[in-house]
Amino acid sequence: MSKPRLRFAPSPTGYLHIGGVRTALFNWLWARKTGGTFVLRIEDTDQERSTDESRQIILDSMKWLGLDWDEGPGVGGPYGPYTQMERLSLYKEFAERLIASGHAYRCYCTKEELDAQRQALKQKDPKAQFKYPGTCRDRKDEPDRKYVVRFKAPTTGSITYVDKVFGEVTTPNVENQDFVLLRSDGVPLYNFGAVVDDVTMEITLVARGRDHMINTPPQILIYQALGAKVPEFAHLPMMLAPNGEKLSKRHGAVSVTEYRDKGYAPMAVLNYLARFGWSHGDQEIFSREELIQAFSWDACGRGDGKFDEKKFLAINHEHLKTERLMPTSEYAERVLPFLAARGLPDVKKEAVERALYTIRERARTFVEAADMLDYFFRAEPVMDEKAKAKFLVKDAAPRLRGFRDALAEVSEWTEAALEARANAYFEQSGLQMKDVAQPARVALTGRSASPGLFQVLYVLGREASLARLSRGAEIADAS
RNA sequence: GCUCCCGUCGUCCAGUGGUCAGGAUCUCCGCCUUUCAAGCGGAAGGGAUCGGUUCGAUUCCGAUCGGGAGCACCA
């Protein structure tokens with residue numbers, strides 16, 4: 001049994017949609033699990049909407065997610081080129097072959113003529129569905145006129161295939177019409193381009209969104225006409241918006257780059273998407289390796305689902321909390337750009353690594369992490385005015401000074417030593433932790449919410465801590 | 001209209017011809033506590049409807065209802 005060959009074939013007409021990522025992911029998972037090949041192909045035959053910029057965004061997004069491809073743009077491969085507009089001669093050749101074998105024919109009807117017919121029919125019967133009447137089916141070729149190539153679609157019998165997710169699917173041919181294979185400008189339509197590419201790239205399993213299920217029967221017809229081996233198919237249920245509509249930018253963030261910019265971890269994105277329409281018992285959280293290990297088509301569900309931003313966030317939180325899923329070193333690396341974006345471009349990775357444990361459980365995204373880490377890396381914390389007004393008040397000043405002076409006596413600046421010294425201080429002064437905690441917190445961090453005080457003190461270090469407490473007392477005095 | 005597909009807590013998923021129908025998320029409550037989280041404990045919340053098969057259906061079958069996809073010289 002030869003290794004499976006799978007592909008992801010996005011159209012470069014915008015950002016990489018989160019639903020598209022799921023399709024890519026499932027293909028990729030199966031390729032990785034089986035030792036097969038994952039091909040990336042760019043389907044840019046819609047010249048109106050395709051852009052180089054979009055193509056680049058898609059490649060970048062795939063790389064960011066870690067969905068590496070074995071063949072395709074940038075890496076090449078034996079079946080290239082991997083961009084459809086560079087394969088036009090191939091489609092032409094296959095179309096000619098189908099014409100020669102009697103499976104297709106040249107059609108000289110213009111779009112205008114057909115549109116007129118469509119209109120006329122609609123006038124007569126608004127409910128009627130126009131079908132190409134086969135005008136040119138038996139016409140003689142007239143090589144110097146413009147033509148499209150149409151497929152001679154059967155209208156009797158039916159097509160049956162076994163979907164790896166949906167099981168046996170049978171579609172009668174009665175609804176068929178002679179659909180267009182090749183446009184008059186020589187550019188193939190989706191169904192033809194995809195089939196020719198899948199045949200020539202020797203794709204063995206086509207996995208795609210359920211919205212393409214309708215394309216499968218006509219595509220099988222083309223495979224058969226070509227005398228090519230029909231690949232296996234797997235259709236994935238769709239990811240809809242919370243209101244059941246097709247998920248689009250109207251419903252919020254749907255592009256990979258947006259989630260990257262919101263501070264999501266690539267693996268968390270994949271984890272959420274994997275668990276959408278697929279499951280492995282009750283397991284919710286997966287590492288990359290676990291996912292590859294556990295993935296299978298028969299554990300895919302068939303019902304469409306609705307995208308849930310809250311759960312997505314929770315999954316990301318889980319990944320960010322867990323060392324196994326997001327090692328400290330990688331975490332620090334990923335937070336750096338977000339710190340830079342807040343005006344802290346020179347923070348050292350090692351410094352982030354040291355501070356990270358204080359916020360690990362708290363930050364749900366790298367954006368939040370950068371925010372929570374912020375005050376460690378500034379000369380002075382940015383004061384939250386409300387927190388300042390509430391806690392850095394007159395009678396807090398002496399307490400802050402007392403606390404500061406007590407801490408200054410600590411010889412070894414560790415969390416344990418600081419806490420011990422603080423407790424001794426409270427003992428002797430008659431104060432309690434709660435009398436000092438909030439003013440000190442604001443003085444040290446500029447905020448009313450932060451990690452534990454002794455953690456903050458420890459990470460901040462002696463010098464900065466004492467200075468900030470003193471400064472806090474001054475602010476309190478001046479209030 | 002026609003063709004195809006789907007239907008378990010609000011949401012994402014398990015599971016089962018006899019179960020207290022399970023996990024996650026979300027919401028609420030409690031514990032912990034120097035704040036905020038995290039953690040721990042608890043609560044709430046579900047098999048669309050109607051038939052049939054069966055001693056017994058959420059599970060098998062059918063219908064209905066509801067939802068989705070498509071019916072292009074878009075992909």
Side-chain angles (χ1 to χ4, degrees), chain A residues 9-11 13 43-50 107 109-111 114-115 118 125-132 146-150 158 163 165-166 169-177 179-185 187-191 193-194 208-217 235 237-240 242 244-246 272 275-285 299 301-315 317-318 321 359-364 368 372 387 391 422 432-442 445 447-454:
Chain A
S11 294
T13 55
E43 302 205 335
D44 57 348
T45 54
D46 184 347
Q47 296 172 85
E48 302 270 294
R49 297 191 297 150
S50 296
C107 168
C109 300
T110 63
K111 190 167 185 357
L114 293 173
D115 282 344
R118 232 185 294 269
D125 180 3
K127 287 181 193 161
Q129 193 56 51
F130 178 77
K131 275 195 203 174
Y132 177 69
K146 279 209 142 207
Y147 63 88
V148 300
V149 177
R150 282 186 187 273
S158 62
D163 192 287
V165 174
F166 286 88
V169 181
T170 298
T171 308
N173 287 331
V174 268
E175 293 300 312
N176 287 164
Q177 62 173 319
F179 54 88
V180 173
L181 262 20
L182 216 55
R183 284 184 271 228
S184 52
D185 59 2
V187 178
L189 245 48
Y190 171 73
N191 274 337
R208 74 237 290 202
R210 203 212 63 200
D211 48 334
H212 283 291
M213 216 161 166
I214 200 85
N215 290 316
T216 304
H235 291 96
M238 305 227 293
M239 188 158 66
L240 306 170
E245 291 175 355
K246 205 165 171 174
Y272 175 74
R275 269 305 321 256
F276 196 103
W278 172 83
S279 63
H280 186 62
D282 282 340
Q283 188 174 348
E284 298 281 346
I285 302 298
R302 288 175 298 275
D304 291 341
K306 292 167 185 163
F307 179 70
D308 183 352
E309 178 116 40
K310 288 239 184 82
K311 179 137 190 185
F312 191 8
L313 217 210
I315 296 287
H317 191 189
E318 195 60 38
K321 275 194 300 193
I359 61 139
R360 260 274 165 154
E361 318 235 276
R362 296 171 159 74
R364 295 178 298 177
E368 287 186 0
M372 292 174 181
F391 295 110
Q432 289 185 319
M433 182 70 178
K434 67 178 168 60
D435 299 321
V436 178
Q438 284 307 77
R441 189 183 312 283
V442 177
T445 69
R447 316 166 180 207
S448 55
S450 83
L453 264 195
F454 301 109

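Just so it is clear: chains get the letters A, B, ... in the order the sequence lines come, proteins before strands, and each one is counted from 1. The structure presented is a predicted model; accordingly, all values stated were derived computationally and were not measured.
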Any non-hydrogen side-chain atom of [X] less than 4.5 Å from a side-chain atom of [Y]?
| X | Y | result |
| --- | --- | --- |
| P237(A) | R302(A) | no |
| N215(A) | Y190(A) | yes |
| T216(A) | R208(A) | yes |
| V180(A) | Y132(A) | no |
| Y272(A) | D308(A) | yes |

Which part of the nucleic acid does [X] contact within heavy-atom distance under 4.0 Å: base, sugar-phosphate only, or nothing?
| X | answer |
| --- | --- |
| R118(A) | sugar-phosphate |
| K111(A) | base |
| T170(A) | sugar-phosphate |
| R150(A) | sugar-phosphate |
| E43(A) | sugar-phosphate |
| S448(A) | base |
| R441(A) | base |
| F179(A) | nothing |
| T45(A) | sugar-phosphate |
| V148(A) | base |
| L189(A) | sugar-phosphate |

For D185(A) and for V169(A), locate the closest nucleotide of RNA chain B by heavy-atom distance; then report the residue assigned to the nucleotide nearer the 5' terminus.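 Looking at RNA chain B, the more 5' nearest nucleotide goes with V169(A).
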
Whichever of I315(A) and Y272(A) has its nearest RNA chain B nucleotide further upstream toward 5':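 By nearest-heavy-atom nucleotide position, the 5'-most residue is Y272(A).
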
Among residues at least two apart in sequence or on other chains, which ones pass side chain to side chain contact (heavy atoms under 4.5 Å, CB included) with [X]?
| X | answer |
| --- | --- |
| Q129(A) | none |
| R275(A) | N271(A), W278(A), S279(A), E284(A), F286(A) |
| S450(A) | Y375(A), R441(A), T445(A), V456(A) |
| A387(A) | D384(A), V442(A), S448(A) |

Of the nucleotides C13(B), U35(B), C6(B), which one has an atom closest to the side chain of F166(A)?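 From the listed options, C6(B) comes nearest.
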
Among U3(B), A75(B), U34(B), the one nearest P172(A) by side-chain distance: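 Per side-chain heavy atoms of P172(A), the pick is U3(B).
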
How many whole angstroms separate atom [atom1] of [X] from atom [atom2] of [N]?
| X | N | atom1 | atom2 | value |
| --- | --- | --- | --- | --- |
| M433(A) | U34(B) | CE | C1' | 4 Å |
| N215(A) | C5(B) | CG | C1' | 14 Å |
| N173(A) | C2(B) | CG | C1' | 15 Å |
| L114(A) | C73(B) | CG | P | 7 Å |
| Q177(A) | G70(B) | CD | C1' | 12 Å |
| Q432(A) | U34(B) | CD | P | 9 Å |
| E309(A) | U11(B) | CD | P | 17 Å |
| F130(A) | G70(B) | CZ | P | 20 Å |

Atom [atom1], compared across [N] and [M]: separation rounded to whole Å:
| N | M | atom1 | value |
| --- | --- | --- | --- |
| G18(B) | G56(B) | P | 14 Å |
| A44(B) | C26(B) | C1' | 12 Å |
| G47(B) | U58(B) | C1' | 4 Å |
| C5(B) | G62(B) | P | 12 Å |
| A24(B) | A43(B) | P | 13 Å |
| U16(B) | C60(B) | C1' | 13 Å |
| C31(B) | G17(B) | P | 43 Å |

Close N/O contacts between protein and nucleotides 14-16 of chain B (under 3.5 Å):
residue: A14(B); atom: OP1; partner: S279(A); partner atom: OG; Å: 2.7
residue: A14(B); atom: O5'; partner: S279(A); partner atom: OG; Å: 2.6

Can you check whether E43(A)'s main-chain N or O pairs, donor with acceptor, with S11(A)'s side chain at less than 3.5 Å?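 Judged by distance alone, yes, a pair lies under 3.5 Å.
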
My understanding is that only residues two or more places apart in sequence, or in another chain, count here; which of them pass salt bridge (Lys or Arg N to Asp or Glu O under 4.0 Å) with D115(A)?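 Applying salt bridge (Lys or Arg N to Asp or Glu O under 4.0 Å) to D115(A) gives K111(A), R118(A).
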
Pairing residues for K306(A) by the salt bridge (Lys or Arg N to Asp or Glu O under 4.0 Å) criterion, not counting sequence neighbours: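 If we apply the salt bridge (Lys or Arg N to Asp or Glu O under 4.0 Å) test to K306(A), skipping adjacent residues, there are no hits.
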
For nucleotides 59-69 of chain B, read 5' to 3', which letter fits each nucleotide if B means a protein heavy atom sits under 4.0 Å from the base, S means only the sugar-phosphate is that close, and - means neither? ---------BB

Pairing residues for D435(A) by the side chain to side chain donor-acceptor pair (under 3.5 Å) criterion, not counting sequence neighbours: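 Not a single residue meets the side chain to side chain donor-acceptor pair (under 3.5 Å) criterion with D435(A).
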
Counting only distance, no hydrogens or angles, is the base of C4(B) paired donor-acceptor with the side chain of T171(A) under 3.5 Å?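 For T171(A), whose side chain was compared with the base of C4(B), there is no donor-acceptor pair (under 3.5 Å).
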
Polar pair under 3.5 Å, donor/acceptor by atom type, side chain K310(A), base C26(B):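 No, no donor-acceptor pair under 3.5 Å.
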
Side chain to side chain contact (heavy atoms under 4.5 Å, CB included) for V169(A) and H235(A)? Distances and angles first, verdict last. CA-CA 11 Å; V169(A) 181; H235(A) 291 96; over 6 Å; no

Let me see the working for I315(A) and I285(A) under side chain to side chain contact (heavy atoms under 4.5 Å, CB included), right down to the final yes or no. CA-CA 7 Å; I315(A) 296 287; I285(A) 302 298; 3.9 Å; yes

Review item, nucleotides 37-43 of chain B N/O atoms under 3.5 Å of protein N/O:
residue: A38(B); atom: O3'; partner: K321(A); partner atom: NZ; Å: 3.2
residue: A38(B); atom: O2'; partner: E361(A); partner atom: OE1; Å: 2.7
residue: A38(B); atom: O2'; partner: E361(A); partner atom: OE2; Å: 3.3
residue: G39(B); atom: OP1; partner: K321(A); partner atom: NZ; Å: 3.0

All stems with RNA chain B, defined as three or more consecutive Watson-Crick or G-U pairs under 3.5 Å: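 Ordered by first number, the stems with RNA chain B (at least 3 consecutive pairs each) read B:1-7 with B:65-71, B:10-13 with B:22-25, B:27-31 with B:39-43, B:48-52 with B:60-64.
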
Check: protein-nucleotides 28-33 of chain B nitrogen or oxygen pairs below 3.5 Å:
none

Hey, is G47(B) sitting syn or anti, using the within-90° cutoff around 0?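 Syn for G47(B); the angle stays within 90° of 0.
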
